[in-house]
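Here's the structure, in structure tokens; my notes come after.
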Amino acid sequence: MNIDLSKLTGFIDLSIPLRFNGPQPNAYGVPRASSSPCKAGELVGDTRQGGSCNFEQYTFIPHCNGTHTECVGHITNERISVLDCLKDAFMQALLVSVEAEDVGGDLVITGSALANVITPGAALAEGTPALQSALIVRTLPNDYGKLTAVYNSENIPAYFSTDAMEMIVAAGYKHLLVDLPSIDRLFDEGKLANHHIFWNVEQGSFAAGRESRINSTITELIYVPGNIADGEYLLNLQIAPFAADAAPSRPIIWPKSSDTGV
Ligand SMILES: [Zn+2]
């Protein structure tokens, strides 16, 4: 890959802006992300309150308040950070759109729906980065409501079936990005079965093993604008440098074109 950086303009941002004092997405009914001016002695971090500059304290829950990237540390007793796990900055990505199916009243992304849009072994090609190391899944219908959607027991979003998740792993995708708050059912009795499949951690276990996909990440609560076509892109997955299992993130993509060399 030979990239002409001067032509790499017009990226597409897949993150949801986190508006601390405005509408924002929410999963599991947790408190809203919020901000308030810091007070340190005589100093106040708000120019409108007499401060010399603005400096605020932000309170939020990365997993529930917006776009975030997580690593295997999400399900292990050992504290493993996404900062340590994510080794890829740029990667080839495939964007697909899938419609969830009604399965017993739940919306489920099934293996058969995915089989229409991904190719077995597509991400296993030789080379650095692999031909397609990331899979970006846009669920249909897709609309701006996802930017501020409230997901809870009354509004359970779509999630992946077991065979769909196994298919993604078997195809070789190292990183998965979805516009859902979780790849598992929002309330699944804490099993997080798909997370275990994705990171190759034994079901029910809280320990990563030698075969676990320690350098793989899952990015949730992205938003893919409706005018962006399915297909191959260059992905730059940026995370805040949190030494934590998850961090707010900003995936940006560029269309593949012979013009840019992407
Ligand atoms: Zn999460």
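Given the structure is predicted, the values throughout are model-derived calculations rather than measurements. Numbers here are sequence positions counted from 1. We count ligands from 1, going down the list as the structure has it; atoms in each ligand are counted the same way.
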Polar contact flag, side-chain donor to acceptor under 3.5 angstrom, N236-Q238: yes
At a cut-off of 2.8 Å, list the protein N/O/S atoms near the Zn ion (ligand 1), residue plus atom name. H63 ND1, H68 NE2, E70 OE1, E220 OE1
Polar side chain donor-acceptor pair, H196 to E202, under 3.5 angstrom: no
Check: D184 side chain, H195 main-chain N or O, donor-acceptor pair, under 3.5 Å: yes
Can you list everything that forms a side-chain contact (heavy atoms from CB on, under 4.5 Å) with D106? Sequence neighbours excluded, please. V108, Y159, R185
Heavy-atom side-chain contact between H68 and V82 under 4.5 Å: no
Are any side-chain N or O atoms of T67 and backbone N or O atoms of I16, one a donor and one an acceptor, separated by less than 3.5 Å? yes
